[in-house]
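Here the structure comes first, spelled out in structure tokens, and everything after it is commentary.
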Amino acid sequence: MIAKWFTFILMLVLLAVGSYGAARFVSSRSNSTDEPGIMAVQDYLNLTAEQRRVVADLTQEFAASRPVLRQQVWQARDRFVALMRDPRADKNDVLLALHELSRAREEMAKNTVEYLLALRDCLTPAQQDKLTALVERGMCSLDEACGRPGGGACGLGILGGWGNRIRLRTTAP
């Protein structure tokens, strides 16, 4: 009788360990990204496990391209700021650095929008509305998911911030 109970308990323990291991494996595969912005968007949109599985490959591809793009933005920004601080910097060098910064930010924004368009195809209408509102408001509204302390260079928010901007009056008072 004791041997039967021992066998039963051993089977329960093995089942629990196996379930835990499988859950950890699946969880690590579906969330294996160093891009906090991606996961913040997915969490904000309340993607289901099935939706996350559908976008997993897209997410991995997107996440792989982000570090290079982000580094290009920060290098261009740092070069621009350094030239602005240098009173002897040539005007043309400063303008060229500004152009390089704008180009790097544009590549980041383009990459982000491509991801959002692909993600949008997997969303419900309510989630699509939330995504549109997020793009309008700006990704940085989700916290510090932008990749550098203090935000910035996240690629989202390129259309955002209207609530904080002063709008020009188009009609006479």
Side-chain angles (χ1 to χ4, degrees), residues 30-47 51-52 54-173:
S30 64
N31 293 331
S32 59
T33 178
D34 290 334
E35 287 298 315
I38 293 172
M39 300 318 297
V41 168
Q42 291 182 8
D43 292 342
Y44 172 74
L45 295 173
N46 296 322
L47 292 188
Q51 286 175 312
R52 287 180 193 256
V54 169
V55 300
D57 290 339
L58 167 69
T59 299
Q60 289 302 322
E61 180 181 325
F62 176 75
S65 65
R66 297 299 282 185
V68 171
L69 293 171
R70 184 180 301 107
Q71 189 60 34
Q72 289 171 354
V73 169
W74 288 117
Q75 286 175 345
R77 179 199 172 277
D78 292 345
R79 176 163 162 56
F80 173 72
V81 170
L83 286 169
M84 286 298 295
R85 286 186 177 152
D86 183 358
R88 297 175 308 229
D90 182 66
K91 176 182 174 182
N92 290 331
D93 290 342
V94 173
L95 292 175
L96 178 61
L98 175 63
H99 176 72
E100 291 170 359
L101 175 58
S102 296
R103 189 176 45 79
R105 284 182 174 170
E106 181 180 348
E107 287 300 313
M108 177 74 86
K110 179 182 170 195
N111 179 266
T112 300
V113 170
E114 288 173 349
Y115 176 74
L116 294 179
L117 289 172
L119 180 64
R120 184 176 65 179
D121 293 339
C122 303
L123 301 177
T124 66
Q127 289 171 322
Q128 289 176 358
D129 289 344
K130 278 182 85 170
L131 179 63
T132 301
L134 177 64
V135 169
E136 182 181 2
R137 190 173 62 248
M139 173 67 177
C140 295
S141 65
L142 287 182
D143 199 5
E144 299 247 349
C146 297
R148 197 174 206 189
C154 55
L156 282 172
I158 55 175
L159 305 175
W162 280 105
N164 298 329
R165 293 184 189 165
I166 298 171
R167 295 186 185 184
L168 296 176
R169 185 177 288 188
T170 56
T171 59

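None of the values given here were measured: they were computed from a predicted structure.
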| task | Measure the spacing between CG of L95 and CZ of F80 and express it to the nearest 0.5 Å. | result | 8.5 Å

| Are any non-hydrogen side-chain atoms of M108 and R105 less than 4.5 angstrom apart? | no

| Partners passing salt bridge (charged side-chain N to carboxylate O under 4.0 Å, His left out) against D86 (at least two apart in sequence or in another chain) | R88

| request: Would you indicate whether the side-chain heavy atoms of L116 and L134 approach each other to under 4.5 Å? | output: no

| message | Within the 4.5 Å heavy-atom criterion, are R79 and Q75 side-chain neighbours or not? | response | no

| Counterpart residues, side-chain hydrogen bond (donor to acceptor under 3.5 Å, both in side chains), relative to S102 (two or more places apart) | none

| query | Which pair of non-hydrogen atoms, one from Q42 and one from Y115, has the smallest distance, and what is that distance? | reply | NE2-OH, 3.0 Å

| field | More than 12 heavy atoms of other groups within 6.0 Å of D121 CG | value | yes

| query | Is the closest side-chain donor-acceptor distance between T112 and R66 under 3.5 Å? | reply | yes

| About how many Å separate CD of Q127 and CG of L47, when rounded to the nearest 0.5 Å? | 5.5 Å

| Closest heavy-atom contact between D93 and L83? | O-CD1, 3.5 Å

| So, D43 and R52, do they make that salt bridge, N to O below 4.0 Å? | yes

| query | With no hydrogens and no angle check, is any side-chain donor or acceptor of E100 less than 3.5 Å from a backbone partner on A76? | reply | no

